[in-house]
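Positions are given from 1, in the same order as the sequence printed here.
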Amino acid sequence: MSLNGKVAIVTGSGAGLGLAYAQELARQGASVIINDVNQETADAAVSSITDAGGQAAAVVAPVGSTETADQLVKTAVDTFGGLDILVTNAGILRDKSLLKMSDEDFDAVINVHVKGTFTCVRSAFAYFKENGVAGRIVTIGSPTGQRGNFGQTNYAAAKAGIVGMVRTWALEMKKAGVSVNAVIPVAATAMTKTIPFFRAAVEADERGEAMPEFFRKELGFGPAQDVAGVIAFLSSDAAAGISGQAIGVGGDRLQIWSHPEPAVTEYHDGGWDYETMLSEGKALLEANLQTVGEKMPELPAELQPQDAK
């Protein structure tokens with residue numbers, strides 16, 4: 001197996017996508033530290049791995065603080081003898097439109113996603129560097145962080161921030177031989193179950209059937225297991241030369257997101273003062289406006305929710 005002898009931490013891995021990542025890492029031979037805020041959920045996740053013949057242990061603690069990050073690394077080393085892989089999946093949602101979003105809504109999401117990623121990566125990288133480990137770090141982004149989404153100011157800021165940190169860390173970690181990437185998953189979760197647009201796909205998955213091709217191909221949408229293979233690959237020695245990337249995956253689709261580049265570049269002698277912006281800059285901007293948000297294709301008639309027809 002590709003990850004035999006490796007030790008991995010997966011934050012937020014008690015259920016959902018994080019559990020799928022942890023289970024796939026274990027299936028490929030890694031020993032895994034499960035992390036969740038609920039003891040019963042964490043224990044069930046550990047059992048799902050050990051009952052299948054793998055090795056796992058749990059750290060029950062909220063991600064965000066340096067104390068939790070250090071505890072995760074220490075538990076990996078004390079329990080399994082080292083650390084090779086970190087997957088920072090832990091996250092929460094506090095969706096509200098801007099004028100309804102409180103300071104607490106904003107701070108809670110930033111603390112788990114951004115600070116939690118920062119503290120866990122810092123602790124893991126310190127261990128890698130001190131022990132000469134060419135480690136693998138996989139962070140989790142979102143299409144919302146790439147393109148924005150209504151009602152998700154905090155989440156968009158967090159996920160965009162994670163990708164920005166990954167680009168910086170790829171530079172800082174290169175000399176140590178540590179790779180770091182962001183995965184942008186599109187997958188069935190507890191949240192997507194509540195969205196009528198995805199109902200036909202979610203119901204097919206719950207019946208144990210393959211999701212319709214429209215979802216798997218047009219939307220790149222599938223079960224969590226479709227993302228887990230990419231996580232395991234990026235955690236392996238085979239991915240040593242891949243770092244600083246934002247990689248989208250879901251259903252049958254794999255994407256490499258481009259780094260931001262100027263769409264148009266123009267020059268004006270003397271600079272772009274207010275008058276020049278009125279006479280030339282306004283037309284230039286209006287002719288090259290960039291889209292925001294995800295534009296969903298129309299659902300085929302046979303996949304429309306029955307109550308929407």
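Looking at Asn181, its side chain does come within 3.5 Å of a backbone N or O of Gly244 through a donor-acceptor pair. No donor-acceptor pair closer than 3.5 Å links the side chain of His113 to the backbone N or O of Tyr155. Within the 3.5 Å criterion, the main-chain N or O of Gly64 finds a donor-acceptor partner in the side chain of Thr119. Between the side chain of Ser243 and the backbone N or O of Val180 there is at least one donor-acceptor pair closer than 3.5 Å. Formation of a donor-acceptor pair under 3.5 Å by the Asn35 side chain with backbone atoms of Ala61 is found in this model. In terms of modelled atom types and a separation under 3.5 Å, the side chain of Thr41 and the main chain of Val37 share no donor-acceptor contact. A donor-acceptor contact shorter than 3.5 Å is absent between the side chain of Glu261 and the backbone of His259. Although no hydrogens or angles enter the test, the distance criterion places no donor-acceptor pair under 3.5 Å between the side chain of Thr117 and the main chain of Thr88. The backbone N or O of Ala201 lies less than 3.5 Å from no partner atom in the side chain of Asp205, so there is not a single donor-acceptor pair.
In this structure, Met173 CE and Phe128 CZ are separated by 8.5 Å, a value rounded to the nearest 0.5 Å. Between Tyr21 atom OH and Ile231 atom CD1 the span is 5.0 Å, to the nearest 0.5 Å. Remark: Arg136 CZ to Ile85 CD1 distance equals 8.5 Å, nearest 0.5 Å. A distance of 8.5 Å separates OG in Ser123 from CG in Leu72, rounded to the nearest 0.5 Å. Here the CG atom belonging to Asp84 is positioned 11.0 Å from the CG atom belonging to Leu25, to the nearest 0.5 angstrom. Atom OG1 of Thr11 sits about 10.0 Å away from atom CG of Asp36, to the nearest 0.5 Å.
Other residues, nucleotides and ligands contribute over 12 non-hydrogen atoms within 6.0 Å of the CG atom of Leu278. Surrounding CD of Glu298 are at most 12 heavy atoms belonging to other residues, nucleotides or ligands under 6.0 Å away.
In this structure, the side chains of Pro305 and Leu299 come closer than 4.5 Å at one or more pairs of heavy atoms. Here the side chains of Arg253 and Phe221 are not in contact, with every heavy-atom distance at 4.5 Å or above. Within the 4.5 Å cutoff, no side-chain heavy atoms of Phe106 are placed close to those of Arg94. The closest side-chain heavy-atom distance from Arg167 to Val163 is below 4.5 Å. Counting only heavy atoms from C-beta outward, the side chains of Asp273 and His268 never approach each other to under 4.5 Å. Between Pro297 and Phe214 the shortest side-chain heavy-atom distance falls below 4.5 Å. Within the 4.5 Å cutoff, the side chain of Asn154 has no heavy atoms near those of the Lys96 side chain.
Here Asp252 pairs with Arg216, Lys217 under the salt bridge (charged side-chain N to carboxylate O under 4.0 Å, His left out) rule; sequence neighbours left out. Not a single ring-ring contact (aromatic ring centres under 6.0 Å, His included) links Phe215 to another residue, sequence neighbours left out. When the side-chain contact (heavy atoms from CB on, under 4.5 Å) test is applied to Asn111, the partners found at least two apart in sequence or on another chain are Lys115.
Hydrophobic clustering, with ILVMFWY side chains joined whenever heavy atoms are under 4.5 angstrom apart, groups Leu219 together with Val202. In this structure, Leu83 is a member of the same hydrophobic cluster as Val59, with clusters built from ILVMFWY side-chain heavy atoms closer than 4.5 Å. Hydrophobic clustering of Ile, Leu, Val, Met, Phe, Trp and Tyr side chains at less than 4.5 Å, counting indirect connections, keeps Phe80 apart from Val87. Cluster membership for Met211 and Phe198, using ILVMFWY side-chain heavy atoms within less than 4.5 angstrom, is shared. If you chain together hydrophobic residues whose side chains sit under 4.5 Å apart, Ile137 and Val227 never meet in one group.
In summary, Asp237 and Lys6 engage in a salt bridge, as defined by a charged side-chain N under 4.0 Å from a carboxylate O.
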### Task
Decide yes or no on side chain to side chain contact (heavy atoms under 4.5 Å, CB included) for Leu234 and Ile242, but give the supporting numbers first.
CA-CA 8 Å; Leu234 291 173; Ile242 301 168; 4.2 Å; yes

### Task
Using the side chain to side chain contact (heavy atoms under 4.5 Å, CB included) rule, take Arg27 and Ile49 through it: C-alpha gap first, then chi angles, then the decisive distance, then the call.
CA-CA 8 Å; Arg27 193 176 75 83; Ile49 290 173; over 6 Å; no

### Task
Go through the steps for Val183 and Thr139 under the test side chain to side chain contact (heavy atoms under 4.5 Å, CB included), then give the verdict.
CA-CA 6 Å; Val183 169; Thr139 70; over 6 Å; no

### Task
Check step by step if side chain to side chain contact (heavy atoms under 4.5 Å, CB included) holds for Gln255 and Val249.
CA-CA 6 Å; Gln255 297 177 313; Val249 60; over 6 Å; no

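In the model, Glu24 has a side-chain atom that pairs as donor or acceptor with a side-chain atom of Gln28 under 3.5 Å. Between the side chains of Asp105 and Ser102, at least one donor N or O lies within less than 3.5 Å of an accepting N or O. Under 3.5 Å, the side chains of Asp95 and Gln152 contain a donor-acceptor pair of N or O atoms. A side-chain donor from one of Ser65 and Thr68 sits under 3.5 Å from a side-chain acceptor of the other. Under the 3.5 Å distance criterion, with hydrogens and angles disregarded, no donor-acceptor pair is assigned to the side chains of Gln55 and Thr50.
Here the closest heavy-atom approach between residue Val7 and residue Ala76 is recorded as CG1-CB, 4.0 Å. Counting all heavy atoms, side chain and backbone alike, Ala239 lies closest to Phe233 at CB-O, 3.4 Å. Minimum heavy-atom separation, Asp226 to Gly251: OD2-CA, 3.5 Å. Among all heavy-atom pairs drawn from Leu17 and Thr189, the shortest one is CD1-CG2, 3.9 Å. Residues Ile34 and Ala22 come closest through the heavy atom pair CD1-CB, 3.6 Å. In terms of heavy-atom proximity, Ser13 sits nearest to Ala45 at O-CB, 3.9 Å.
A side-chain contact (heavy atoms from CB on, under 4.5 Å) with Ile9 holds for exactly one of Thr75, Val32, Ile33; it is Ile33. Results of the side-chain contact (heavy atoms from CB on, under 4.5 Å) test with Lys159 over Ile184, Thr144, Ile140 single out Ile140 as the only residue that passes.
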